Structures are given as structure tokens and as C-alpha cells.
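If you read the sequence from its start, that first residue is 1, and numbering goes on from there. From a predicted model like this one, the values you see are computed outputs, not experimental measurements.
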Amino acid sequence: MNPVKSIPPLSERPDVIDTPAILASKPTPGDSDTNVVLETKPKTKRPPLYKVMLLNDDYTPMEFVVHVLERFFGLNHAQAFEIMLTVHKKGLAVVGVFSFEVAETKVTQVMDFARRHQHPLQCTMEKE
Ligand code: TYC
């Protein structure tokens with residue numbers, strides 16, 4: 001006799017469940033739970049993003065704003081000058097989009113830097 005047991009097809013094996021949504025639909029005697037969901041949809045929601053904005057005012061020197069944009073937002077001089085002019089003309093501009101923590105850090109850094117230099121420059125953030 002062949003000592004190797006033949007393995008039944010998966011569909012005939014009570015220990016193998018190939019429909020993963022509900023893995024415990026057959027109540028075991030003595031168990032009170034019946035339909036226990038053991039697998040759930042993977043949740044991969046992206047974190048929300050926040051716009052960081054600079055606001056115009058009549059007193060902060062243009063060169064100071066350009067310096068802020070270079071220093072805290074990694075812009076080159078031409079990009080920084082262009083965004084500064086947009087803020088100056090339009091009243092505000094988005095200077096970057098970041099995760100909550102990074103946006104909050106940028107706002108704090110800019111506000112502290114402006115205050116230390118006694119300029120009224122305002123920087124805010126808003127959920128995208
Ligand atoms: N309006 C300022 C001035 O004329 C310049 C300025 C630009 C100030 C951008 C703030 O976010 C700002 N000196």
C-alpha cells in the first residue's frame with residue numbers, strides 16, 4: 001500500500017478557507033461568536049496636506065521676505081523674489097504644501113524669525 005496519503009483538493013479540505021472575508025463563519029460547538037471578521041480592508045489613507053502662506057504687510061522689507069523664503073522654504077533667489085512679489089501684489093501666496101507637523105514647524109520658524117527682527121510678517125497654514 002502506498003504510505004503517502006493523497007492530499008484532497010483545497011475545496012474538500014475543511015481546514016482551508018479560500019474566501020478570506022470571513023474566516024469563522026462555521027460556529028464551533030461551544031462558541032458563542034459566529035461571524036467573526038478576521039481580515040479587514042487595508043486602510044491606506046494619505047495624511048492631509050497643509051498650505052503654508054505668507055501675508056503681505058506694509059512694513060516688512062522686501063529683502064527680509066526674500067531671505068525668509070530662501071532660508072525656510074529652500075527657494076533660490078529668483079523663486080523667492082517672485083513669490084515675495086506675488087505676496088506684495090496680491091496680499092498673500094502659498095509658499096509650500098506640507099504635512100501638518102512640517103507646516104506647523106515652518107510657521108513657527110518664520111513667525112519667531114520675524115519677531116526676533118521686529119517685523120510684522122505673518123505666516124499661516126490652512127488644510128488643503
Ligand atoms: N509689502 C512689503 C513692502 O512693500 C513687502 C512684503 C512682501 C511684506 C511680502 C510682506 O509677505 C510679505 N515692504
Side-chain angles (χ1 to χ4, degrees):
M1 190 193 148
N2 186 351
V4 179
K5 257 190 174 173
S6 69
I7 300 169
L10 290 184
S11 59
E12 289 166 24
R13 287 177 51 184
D15 58 323
V16 174
I17 298 165
D18 61 358
T19 50
I22 295 170
L23 296 184
S25 57
K26 277 190 184 168
T28 309
D31 253 5
S32 55
D33 285 332
T34 53
N35 295 328
V36 180
V37 177
L38 298 179
E39 285 189 17
T40 53
K41 222 191 194 170
K43 288 200 187 77
T44 57
K45 266 210 279 178
R46 286 184 301 277
L49 293 175
Y50 291 79
K51 300 179 286 193
V52 171
M53 290 159 300
L54 274 190
L55 308 188
N56 188 37
D57 66 72
D58 293 338
Y59 306 102
T60 305
M62 289 184 171
E63 319 81 74
F64 183 81
V65 178
V66 171
H67 178 68
V68 162
L69 291 169
E70 291 171 339
R71 180 175 177 137
F72 297 112
F73 296 94
L75 302 180
N76 67 36
H77 193 78
Q79 295 168 329
F81 194 87
E82 194 179 323
I83 291 185
M84 180 281 296
L85 264 193
T86 301
V87 179
H88 176 71
K89 290 182 197 160
K90 304 210 170 198
L92 94 182
V94 174
V95 300
V97 176
F98 308 97
S99 69
F100 181 85
E101 287 81 3
V102 173
E104 203 183 34
T105 301
K106 302 274 181 205
V107 170
T108 303
Q109 287 173 331
V110 172
M111 294 297 282
D112 287 353
F113 191 66
R115 188 157 35 82
R116 288 210 305 277
H117 290 83
Q118 304 191 310
H119 295 310
L121 179 64
Q122 295 293 305
C123 183
T124 61
M125 61 191 272
E126 179 181 294
K127 199 170 178 184
E128 220 183 26

From [X] atom [atom1] to [Y] atom [atom2], the distance as rounded to the nearest 0.5 Å:
X: I83; Y: H88; atom1: CD1; atom2: NE2; value: 15.5 Å
X: K106; Y: M125; atom1: NZ; atom2: CE; value: 12.5 Å
X: F73; Y: L54; atom1: CZ; atom2: CG; value: 6.0 Å

Greater than 12 external heavy atoms within 6.0 Å of E82's CD: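 Open.
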Is the number of heavy atoms from other residues, nucleotides or ligands under 6.0 Å of F81 CZ greater than 12?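 No.
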Please work out whether the ring planes of F113 and F64 are parallel, tilted or perpendicular, with thresholds of 30° and 60°.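 Aromatic pair F113/F64 classed parallel.
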Look at the side-chain heavy atoms of Ile, Leu, Val, Met, Phe, Trp and Tyr, link any pair under 4.5 Å apart, and say whether [X] and [Y] land in one connected group.
X: M53; Y: F100; value: no
X: V68; Y: L85; value: yes
X: L49; Y: V102; value: no

Apply side-chain contact (heavy atoms from CB on, under 4.5 Å) to the pair M84 and L69, showing each step before the final yes or no. CA-CA 8 Å; M84 180 281 296; L69 291 169; 4.3 Å; yes
Could you report the tightest heavy-atom contact between [X] and [Y], atom names first, then the distance?
X: Y50; Y: A103; result: CB-CB, 3.8 Å
X: D57; Y: P120; result: OD1-CG, 3.7 Å
X: L121; Y: T60; result: N-OG1, 3.2 Å
X: K51; Y: E128; result: CG-CG, 3.8 Å
X: A93; Y: T86; result: CB-CG2, 4.0 Å
X: M111; Y: C123; result: SD-N, 3.3 Å

Compare all side-chain heavy atoms of T105 with those of F98 and state whether any distance is below 4.5 angstrom.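 Answer no - side chains too far apart.
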Quick one: side chain to side chain donor-acceptor pair (under 3.5 Å) partners of E70, sequence neighbours excluded?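 H77.
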Between D112 and R115, is a side-chain contact (heavy atoms from CB on, under 4.5 Å) present by the stated rule, with each step listed? CA-CA 5 Å; D112 287 353; R115 188 157 35 82; 3.0 Å; yes
Q122 and side chain to side chain contact (heavy atoms under 4.5 Å, CB included): which partner among V110, V107, L55, N56?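 Among V110, V107, L55, N56, the one meeting side chain to side chain contact (heavy atoms under 4.5 Å, CB included) with Q122 is L55.
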